[in-house]
2 protein chains.
Amino acid sequence: MKNTVSISQENYLKVIFKLQNEHGIASNQSIAEKLEATPAAVTGMLRKLASLEWVEHTAYQGAVLTAKGQRIAISTIRKHRLWEVFLVDKLKFKWDAVHQWAEELEHIGDADFTERLDAFLGCPATDPHGDPIPDANGDWTGNERVIGADKLSREQIFTVRGVSNSASDFLQHLDALNIHLGKRFEVLDHFPFDGSWEWSDENGESLRISREVAGQLLVELSKKEK
Amino acid sequence: MKNTVSISQENYLKVIFKLQNEHGIASNQSIAEKLEATPAAVTGMLRKLASLEWVEHTAYQGAVLTAKGQRIAISTIRKHRLWEVFLVDKLKFKWDAVHQWAEELEHIGDADFTERLDAFLGCPATDPHGDPIPDANGDWTGNERVIGADKLSREQIFTVRGVSNSASDFLQHLDALNIHLGKRFEVLDHFPFDGSWEWSDENGESLRISREVAGQLLVELSKKEK
DNA sequence: ATAATTTTTTAATCTCACCTAAACAATAAC
DNA sequence: GTTATTGTTTAGGTGAGATTAAAAAATTAT
Ligand SMILES: [Mn+2]
Ligand SMILES: [Mn+2]
Ligand SMILES: [Mn+2]
Ligand SMILES: [Mn+2]
């Protein structure tokens, strides 16, 4: 009766959780892509997870987590993000290098371990990419005031709060642009031709931002004053 | 050609390393016991490790690590002990609770990761059980002055430096006796009848130590003065 | 509505690490 | 030096988690 969850199962539950939040249901193919596995492998695992009552699987439709499955997924995400904080804050990794290791560390430790880690890190609210860290009960509050940087208008002042893409090539590009979480900018201009932007930072230095970059940056509007 | 080492393989190499240091060669059965596997499973893995050139396996004799195998084993031991320091120093685990987690954590991270962890922990020389932590090159110096507490004689003054058994029941027993690394004692008496001892601590409190406990405590003699 | 395409499932295999039981070597006992 | 005992290997098999290739269902296009 030891219903213990395997590493592979945790990875599946985590991916299904994220897909389900985006599209309401996780399709076989979308799961396969994220996990770099074949659709056939996904079918097999979904049957397994369904038999464990962690997902509900409707043939040819896709999968949705049960309450129990969601609990496991959120706990894994919590551990993933806490470890990312550890890697950046304590081990001084760059934010583009932590995902791979957190992907392994997230499978280690029980509830007690996780609470110790959380306390040691000072109970951080977000991970190095601005993603919220669920609390020990699995609850969390996303920052509701955060919007995509491609939704801004001229003269708005805003603070960078997160990224919707944590791939290292994107994060390294942000480093090259000297864009990091917590930095404030003002929108100087927007160019419909290519969707690009001109922003200025707090020192008045102006920089150009491509549509691709703005589309994956999450920002929070500031009160009108600078 | 990706010659990557699996978790199971690292566990085998680590166990073979320790057995080989004790007995010159690691027998099939001794490996099986430590890993809680059957001798048949060990034979299979030894064939695999031999084909990877990490051990030399002579049928019916036993296994010895190659230079490459030794490198992997020592690196795993280094990671294990560094993680144990992390768990005790940073996450405030008791020393009897860290082994199980370190057994998993030791398989995570590359050389760069390990050096960051080492630096973060302040390059500790020993783990929470007094075992030496190999350096990044795989070199380490055991404390040559350390002897078993069952080798002491009356009136000798000594400091507890380590344990030769890290099982949690033993460590918890030491906690109950209020014996910890770094604590100094003096030998008051030794009783050949049952091999037990009488020691006194620095406050003059005397305590009785069984043969079993003394046999698994590692101590360092102090200069004659108290 | 039928045909073409895409997605999912099934079926048959694979690898890894393990198991039990039987055969076989090496050691120890007499 | 046979015999008994112990240790090791072989043979056959399991289960988890993958794979490829073919069949089947769902979706989209004509
Ligand atoms: Mn993972
Ligand atoms: Mn993250
Ligand atoms: Mn291990
Ligand atoms: Mn230790």
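Within every chain, numbering begins at 1; the chains are lettered A, B, ... in the order of the sequence lines, protein sequences first and strands thereafter.
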Given atom [atom1] of [X] and atom [atom2] of [N], what is their separation to the nearest angstrom?
{"X": "B:N28", "N": "C:dC18", "atom1": "CG", "atom2": "C1'", "result": "14 Å"}
{"X": "B:Q29", "N": "D:dT6", "atom1": "CD", "atom2": "C1'", "result": "8 Å"}
{"X": "B:Y60", "N": "C:dA26", "atom1": "OH", "atom2": "C1'", "result": "9 Å"}
{"X": "B:I31", "N": "C:dA17", "atom1": "CD1", "atom2": "P", "result": "15 Å"}
{"X": "B:L46", "N": "D:dT9", "atom1": "CG", "atom2": "P", "result": "7 Å"}
{"X": "B:R47", "N": "C:dT15", "atom1": "CZ", "atom2": "C1'", "result": "16 Å"}
{"X": "B:H107", "N": "C:dC16", "atom1": "NE2", "atom2": "P", "result": "18 Å"}

Item to check | Greater than 12 external heavy atoms within 6.0 Å of A:E56's CD | outcome: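 At most 12 heavy atoms, drawn from other residues, nucleotides or ligands, come within 6.0 Å of this atom.
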Item to check | Neighbour count >12 (heavy atoms, 6.0 Å) for atom NZ, A:K90 | outcome: yes
Checklist outcome for this item: In 5'-to-3' order, the base (B), backbone-only (S) or no-contact (-) status of each nucleotide in nucleotides 13-21 of chain D, using a 4.0 angstrom heavy-atom cut-off, is ---SSSBB-
Item to check | side chain to side chain contact (heavy atoms under 4.5 Å, CB included) evaluation trace for A:W95 with A:L174 | outcome: CA-CA 11 Å; A:W95 68 341; A:L174 292 182; 3.7 Å; yes
Next on the checklist: Does B:T126 form a side chain to side chain contact (heavy atoms under 4.5 Å, CB included) with B:N143? I'd like the steps, not just the answer.
Outcome noted: CA-CA 10 Å; B:T126 60; B:N143 186 340; over 6 Å; no
Checklist entry - Going through the checks in order, is the side chain to side chain contact (heavy atoms under 4.5 Å, CB included) test met by A:Y12 and A:V42? => result CA-CA 9 Å; A:Y12 272 84; A:V42 174; 4.1 Å; yes
Checklist entry - Taking OP1 and OP2 of C:dT9, is either one under 4.0 Å from a side-chain nitrogen or oxygen of A:H57? => result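 Checking A:H57 against C:dT9: at least one side-chain N or O falls below 4.0 Å of OP1 or OP2.
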Checklist entry - From A:H99 NE2 over to A:D127 CG, what is the distance, rounded to the nearest 0.5 angstrom? => result 10.0 Å
